[in-house]
Each structure stands twice: as structure tokens, then as C-alpha cells.
Amino acid sequence: MADPKSPGYVSSAMRVFDLSVSEMLWSRRTIFMALVVGAPVLISMFLRLLDALGAPVFRVNGMQMAGPAIFGLMIWVFYLRFTIPVLGVFYGTSLIADEVEDKTITYLFTRPIPKGAVLLGKYLAYMACTVFVVLPSVVIVYLCIVPMRGSLGGSFIDLVKDLFLLAIGLAVYGAVFAVIGARFKRPLLVGLIFIFGWEQMALAFPGYLKKFTVAYYLQALVPHAMPNDTVVSLIQGIFHENPSLPEALFWLSAILLSFLWFAAVSVERKEYVLEQ
Amino acid sequence: MDAAAIPAPIVAAEHVSKWYGQVIGLNDVSVVVPPGVTGLLGPNGAGKSTFMKLITGQLKPSKGTITVLGEPIWRNPKIYFHVGFCPEQDAFYERMTGLEWVRALVRLNGLTDKEADEAAQRALAAVDLMEAAGKKIGAYSKGMRQRVKMAQALVHDPKLLILDEPLSGMDPIGRRKTIRLIREWGRAGKSIIVSSHILHEIESMTSNILLINNGRILAEGDVHHIRDLIDTHPHTVYVRAQDPRRIAREFLDNPEDDVRSMRFEPGAVVVETGKPDAFYARVTRMAASGEFGTIDEVTSPDDNLQAVFQYLVK
């Protein structure tokens, strides 16, 4: 039986991406993403307004924090510790699960493309949706906050580094949670336990456990000082040690590729029984 | 017949079982589906959908093997160049238009944008949906949604179309159109497996059927062969006559007719018999003798496909 030419793996993934990206962007999760990403934007606008009105914004021990320091704090608190892992868990675990729940997965799995390419296409759609929402919000926060006793030009390199590390964070967390989504029955719960349980605990202990987290390597890319704003972060600060930049990039790339591959293989082999 | 002349089966299942945990979906099914239009009949929960999912490669058999167009289907995506599937579920990307959706799906078959657009338009025209091609699927009626599902199944011109309850939820006119389409596709040389739990729907499309119940294939083949099978099952025969009670007495006096139950209706007696051939012969003799008054009508619901189904799934 002569088969027509199959689209290649990446080409198949790109076609799934085309099909999925607008659906993903207009899904219910986008409202959640808008809330998560909109909060720091609104806060930064509010801070800027207070500053313009002459209110003492972020005065510590009589010293007023400069805009770049506040921006660094927001990158840590809002984005690195919350937005990136949370978006990763909510989107990453649902790459295939949403299609299964909506019962539209049948249309994708009865086409002449590998199931793994469907996952890859959905993953790329997740990246597009999150990167193009999160990164602009960071830029808005930067534009609002940094000019308060700081200069936009002077902190620009840090902004580029921040955007880069947040995009990497979305990519790596997305891949990790894609595996969890493909392998576990309650992926959202497992994902939340991973980011708010395992990662927090592992980072707070001395030793090698922290090497089994994504946050350990991501933190090495952050150009701002780590804040000690909570007890957990204070403890984490005590045992804080960063891998070198090349080591962090190597391990983040390794985690990304291996987990994405593992997720694709899991989807290839899994049966999806739709609820009747 | 020369073995070489026997057409290769489009679907072959050998001792296929499928369990969902402790629940059995399909139980040791061995069946060969020939080319042409084949109806898969069974009540809800009979195992039709499991069978459909197995032959479309969505599920892996717990036991046994399935081949479609001569090749294993599980984890063999290339086979979908030749297979089109219209699922039962009413699920869509609601924000897309019918044309966008069908085009996006056929692009997954490797078509260029232009080819995909042309193929999508052809498929939508084939299901009489071109007028609504630019409307969002979310705004489609139930019948239109069924038709756009069929369009995505046939858009790549597959050799085998697998349609899971395609008439479900359609209005009578839509039903008639769809039945006509399926018959046309069959005449055009496509092989089609169509499932339904309503026999007269299938009857209007094909005489080649598979009867399924409780996860087992009860019968397969031409409806007339299946008709022979029902002779082993009790038949219900309606006899309208001048004196139904006298006729009833005669039936009861002849145990060789294997009358199992009897009830009276106005001007008629309805008899359930285990030996329909002998029973029909006796009624014919009684009518010919004239001793029992006139016998105006002898009918049996067994003569239509619905009764075949009811008997076999009991």
C-alpha cells in the first residue's frame, strides 16, 4: 500500500501548533494567566502612581529603595517563585489533558502524524501563549518601576537577562509538567506539590537535594540579589549556593530535552479512554 | 470460488478482548469485515464504541490482534492516510469555522495550505455544508455539526471510512441526506463501517451487518444469513382471523408447533413459537382448509431487521 508522504516530525508539530495556539490562547486558563500576570503589572502601576504623588514607596530603614532593586525583588517574588512555575504547572499538565477532557484528541490522534508530534505542537503553543503574555508584562513592570530613582538604560541588560531566564523557566517547567501530565492521574495536584512542596523543601536543605529541582538552576541565572522576604527564603538564603552559569544552562537544557522526549514517548504509548 | 478472487478484508480482528480495569469492553472477538458498507449494530453499551476505538487505533487490544487494510493499527499513524474516522462525541474547536477546522485537520495529512483549502472545500461541499463553511462551529446546529465531523473524516479521500453513530441527533431530512451520502460513497468504492443502535438506519444503508452485544459479536454477514439464525429463536407471529380463539385452540392442540406463549388482540391472536417454519406451514394448511373461518392476515415482525436485532440481543 503506497502511502502519501508524511509530514516530518517537526512539520507535524508545527501544524498542530497552528491548530492549537488560538484555542489555547482563548481557553479558560487564559483568564487565570491574565490574573497571574496582570497582578504585578497593576502593582507596579500603583507603586509608580504613589511615587509620583510623593508617597514613601519601599522605604527600608529610612532608605528608599531604588527602582532597579524593586524590579529585582518583583522578578524574584512574582515571576520566578510564582508566575513561571504556576503557569508551567497549569499549562504543562494540560497539554493533552485538555484535549482529552474536551474529547477533541480523537481528531489529532487519527491523523498520519506521531502522537509525540501532537504533544510537541501543543507544547510549542503553550510556549507561544505564555512567553508572549509573560514577557510583555515584565517589560511593563520594568518601565513602571525602574525609572523610580533608577535609569532604564542602566538596567537594560538585567531586563534582557530576566526575559531570557523567564522564557527558559517557562520552557523547562512546561517540559517537566508535560511529563507529569502524561504520566499521572492527578497531574495538577502532583505539579503543585512539586513546585510548592518539593522545590521549596529541597532548596531549604544543604546538600545535593536541591540539584533535583528546576529552581536551583534557574536561580543561578537571576541577575538580582535573592530577597529574604519569608522564613523559607531566609533559610534558603543561608544555604544558597549557585551553580555556575554554564552548569546551570547545561542542566536546564538537559532537563528540557529529556523531559520533553519522555513526555512525547509517554503520549505515544498511552491509551486515552474518553469518558462516554 | 478462486481464493485469489476473495477480496482482502478491510478489518480483521483475531480473538480481541479489551478490558477497562475490571470491566470488559470486548470479549474474545474474532471477525473479518469485507470491503463495502458494513453496519455495526448493537444497543448502547454493547461494545460498539470500544470496537470502533480499537479499529481506529485509539485503544490497544488487551488481547488479540487487529489489522486494518492489512496492517496493524495501534501506533501505526501512516494508516490514517487511508482511514477516516467520524467519532460519536459532539466535540469541536468551537471558535473555528467549519472550513478552518477541516482545513487545519487535513493539513496534518501533509497537504500544503492550498491543497488543504481545496480538499476542505470539496469535503464540505460533499456533506452539503459549503454555505455554512465560514460560520463558527459553535453556531452550527446538531445536524451541521454531524456533517462537519463527516467532512473531516472524508477530507483526505480515505479508502476506509469509520463512522460512529453518524445519524445521532440528526433531523429526519438530515438523516435521509446522510444515508444517501453513505450509500453513494459505498457505490463509489469506499469501504465504510458505520455503527448505530437503530436498525432501520443501518438497514437503509447496507445489508451487511455485524451484531454486537455484551462485548461479543453475535452474528455477522448478510442480513439474509442472519435471518436464518433467528430461526433458532422464538418468533412472534400475528394472525388476524374471523375466529382467533378457535385458531388458538388448534395451535395449543399441536405441540409440534412449539407454541410458547399466546395473547389476544382485537380480532387477532399473537403467538410466540419456537418452530416458525412448522408454524407457518400449519397456518397455511388451516387457511386452505377453510375449517377455521377466514384467516385475513399473517404477519411477523421477524420479517424486518429490527426483529432480527431484538431476537439476537436478547
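The sequence lines fix the lettering, A, B, ..., with proteins before strands; numbering per chain opens at 1. Just the heavy atoms: all of them, side chains too, but no hydrogens, waters or symmetry mates, feed the values below. Not measured: the values here are computed from a predicted model.
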Colleague: Could you tell me whether the side chain of A/Arg15 and the main chain of B/Arg107 form a donor-acceptor pair under 3.5 Å?
Modeller: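 Checking the backbone N and O of B/Arg107 against the side chain of A/Arg15, a donor-acceptor pair under 3.5 Å is found.
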Colleague: More than 12 heavy atoms of other residues, nucleotides or ligands under 6.0 Å from CZ of B/Arg75: is that the case?
Modeller: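 Count over threshold, so yes.
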Colleague: Checking heavy atoms, do the side chain of A/Val118, its backbone, both or neither come under 4.5 Å from chain B?
Modeller: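 Neither the backbone nor the side chain of A/Val118 comes within 4.5 Å of chain B.
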Colleague: Could you tell me which portion of A/Thr106 (side chain, backbone, both or neither) has an atom closer than 4.5 angstrom to a non-hydrogen atom of chain B?
Modeller: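 It is both, since atoms from each part get that close.
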Colleague: Could you pull out the closest heavy-atom pair between B/Lys78 and A/Pro112, with the gap in Å?
Modeller: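 That closest heavy-atom pairing would be CA-CB, 4.4 Å.
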Colleague: Would B/Glu88 and A/Lys103 satisfy salt bridge (charged side-chain N to carboxylate O under 4.0 Å, His left out), going step by step from the backbone distance to the final call?
Modeller: CA-CA 10 Å; B/Glu88 181 185 9; A/Lys103 298 179 182 172; over 6 Å; no
Colleague: Over all heavy atoms of both residues, which pair between B/Lys18 and A/Glu271 is shortest? Give the atoms and the distance, please.
Modeller: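 Minimum heavy-atom contact is NZ-OE2, 2.6 Å.
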Colleague: Can you name the closest pair of heavy atoms from A/Pro7 and B/Asn109 and give their distance?
Modeller: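 That closest heavy-atom pairing would be CD-C, 4.1 Å.
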Colleague: Would you give the length of the straight line joining atom CD of B/Gln58 to atom NZ of A/Lys115, rounded to the nearest 0.5 angstrom?
Modeller: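 Nearest 0.5 Å value for the CD-NZ distance: 8.0 Å.
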Colleague: For the backbone of A/Trp26 and the side chain of B/Arg95, can you confirm whether one donor and one acceptor N or O come within less than 3.5 Å of each other?
Modeller: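 Judged by distance alone, yes, a pair lies under 3.5 Å.
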Colleague: Should the heavy atoms of other residues, nucleotides or ligands under 6.0 Å from CZ of A/Phe46 be counted, would the total exceed 12?
Modeller: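 Check fails, neighbour count at 12 or below.
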Colleague: Using modelled atom types only, decide if a donor and an acceptor are shared between the side chain of A/Tyr107 and the backbone of B/Tyr93 within a distance under 3.5 Å.
Modeller: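 Not at all, since once roles are kept as given, no pair shorter than 3.5 Å links the two residues.
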Colleague: Report the C-alpha separation of A/Glu23 and B/Glu94 in whole Å, then their side-chain angles, then the decisive distance to 0.1 Å, and conclude whether the side-chain contact (heavy atoms from CB on, under 4.5 Å) test is met.
Modeller: CA-CA 9 Å; A/Glu23 285 294 312; B/Glu94 305 275 351; over 6 Å; no
Colleague: Looking at chain A, which one of B/Leu111, B/Leu108, B/Thr56 has the largest number of heavy-atom pairs inside 4.5 Å, strictly under?
Modeller: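 When all of B/Leu111, B/Leu108, B/Thr56 are compared, B/Leu108 has the most.
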Colleague: Tell me the closest heavy-atom pair linking B/Phe85 and A/Thr110, and the distance in Å.
Modeller: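 Closest heavy-atom pair between B/Phe85 and A/Thr110: CD2-CG2, 4.1 Å.
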Colleague: Please state whether the side chain, the backbone, both or neither of B/Tyr20 comes within less than 4.5 Å of a heavy atom of chain A.
Modeller: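 Contact with chain A is through the side chain of B/Tyr20 alone.
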Colleague: Rounded to the nearest 0.5 Å, how far apart are NZ of B/Lys60 and CZ of A/Arg269?
Modeller: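 The NZ atom of B/Lys60 sits 9.5 Å away from the CZ atom of A/Arg269.
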Colleague: Tell me, for A/Asp18 versus chain B, whether the close heavy atoms (under 4.5 Å) come from the side chain, the backbone, both or neither.
Modeller: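 Only the side chain of A/Asp18 comes within 4.5 Å of chain B.
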Colleague: Considering residues, nucleotides and ligands other than A/Trp198, do more than 12 of their heavy atoms fall under 6.0 Å from its CH2?
Modeller: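 Atom CH2 in A/Trp198 is crowded, with more than 12 foreign heavy atoms closer than 6.0 Å.
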Colleague: With a 6.0 Å cut-off (strictly less than), is the heavy-atom count around NZ of A/Lys211, excluding the residue itself, greater than 12?
Modeller: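 No, not enclosed.
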Colleague: For A/Phe32, look at atom CZ and say whether over 12 heavy atoms of other residues, nucleotides or ligands are found less than 6.0 Å away.
Modeller: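 Yes, CZ of A/Phe32 has more than 12 neighbouring heavy atoms, counting only those of other groups under 6.0 Å.
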